[in-house]
Amino acid sequence: PQAPQASESSRLRLVQMRRMAARFKGHMGMWPAEGMAELRLLTQPLHRYSSTARGIIDGAVFAFTQANDPEMLLVLEIVTRPSDDRLTWRYTLARVTAVRVRAELDGEVVWSVDGYGRLPHAIADPYVHRIEDKFEARIHDPRFK
């Protein structure tokens, strides 16, 4: 909503994408009782791309991070609509964490997902960890067996 008309200039489109990314807020929370912490938007895209075969004029992947650790991704694209060849903006969001995350656009929640998995991990979880070997402490400490 309220997206600007896509610029003809690649440099100006990047400015537009940065401004639109700033309209989003990302939040994550480990435990429901602790609430949600706001994530930091990295203003430099992780990746910029285009694909004439797919009608993508310009695209960028932005990260919402905790410190420098990406927890949520925002993909912004300028695409050609097949019906009338007009340019339009679209976005999608993706998690990069096992905890719950939420995205807001202009203060309104537009996407949220719950955390997944349990500790310890179970074979029924979406991801499992295989332990290859025992952890061995480099110092002699009876707590690390």
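All values reported here derive from a predicted model rather than from experimental measurement. In what follows, every heavy atom counts, from backbone to side chain, and hydrogens, waters and symmetry copies are set aside.
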Out of curiosity, does Ile57 fall in the hydrophobic cluster containing Leu76 (side-chain heavy atoms, cut-off under 4.5 Å, transitive links)?
-> yes

Are the side chain of Arg95 and the backbone of Val99 linked by a donor-acceptor contact shorter than 3.5 Å?
-> yes

So how far is it from Arg23 CZ to Asp106 CG, rounded to the nearest 0.5 Å?
-> 4.0 Å

Do Phe24 and Tyr91 have ring centres separated by under 6.0 Å?
-> yes

To the nearest 0.5 Å, how far apart are CZ in Arg102 and NZ in Lys25?
-> 12.5 Å

In Å, rounded to the nearest 0.5 Å, how long is the span from CG of Leu73 to CG of Leu46?
-> 6.5 Å

Within one Ile-Leu-Val-Met-Phe-Trp-Tyr cluster: Leu14 and Ile56, side-chain cutoff 4.5 Å = no

Roughly how far, to the nearest 0.5 Å, is the OG1 atom of Thr88 from the CD atom of Glu77?
-> 11.0 Å

CG/Leu87 to OG1/Thr80 distance, rounded to the nearest 0.5 angstrom?
-> 5.0 Å

Using the side chain to side chain contact (heavy atoms under 4.5 Å, CB included) rule, take Gln44 and Phe62 through it: C-alpha gap first, then chi angles, then the decisive distance, then the call.
-> CA-CA 7 Å; Gln44 181 63 33; Phe62 291 90; over 6 Å; no

Does Leu105 reach the side chain of Pro1, with side-chain heavy atoms less than 4.5 Å apart?
-> yes

Nearest heavy-atom neighbours spanning Trp89 and Gln5 | NE1-C, 4.4 Å

Decide side chain to side chain contact (heavy atoms under 4.5 Å, CB included) for Glu71 and Thr65; before the verdict, give the C-alpha distance in whole Å, the side-chain angles of both, and the deciding distance to 0.1 Å.
-> CA-CA 5 Å; Glu71 305 292 347; Thr65 68; 5.8 Å; no

Between Phe64 and Val110, is there a shared hydrophobic cluster once you connect ILVMFWY residues whose side-chain heavy atoms come closer than 4.5 Å?
-> yes

Side chain proximity check, His27 to Glu104, heavy atoms < 4.5 angstrom = yes

When rounded to the nearest 0.5 angstrom, what distance separates CG in Leu74 from CG in Leu39?
-> 12.0 Å

Can you get from Val96 to Val61 by hopping between Ile, Leu, Val, Met, Phe, Trp and Tyr side chains that sit under 4.5 Å apart?
-> yes

Please confirm whether the backbone N or O of Arg86 pairs with a side-chain atom of Arg81, one donor and one acceptor, at under 3.5 Å?
-> no

Same hydrophobic cluster for Trp111 and Met20, using side-chain heavy-atom links shorter than 4.5 Å among ILVMFWY?
-> yes

After noting the C-alpha distance and the side-chain angles of Met17 and Arg48, does the key distance pass the side chain to side chain contact (heavy atoms under 4.5 Å, CB included) rule?
-> CA-CA 11 Å; Met17 287 189 274; Arg48 185 123 181 245; 3.4 Å; yes

Arg90 side chain to Val79 main-chain N or O, any donor-acceptor pair under 3.5 Å?
-> no

Is Arg100 salt-bridged to Asp114, cutoff N-O under 4.0 Å?
-> no

Could you give me the CA-CA distance, side-chain angles and deciding distance for Val15 and Arg19, then say whether side chain to side chain contact (heavy atoms under 4.5 Å, CB included) is met?
-> CA-CA 6 Å; Val15 171; Arg19 285 182 182 155; 3.7 Å; yes

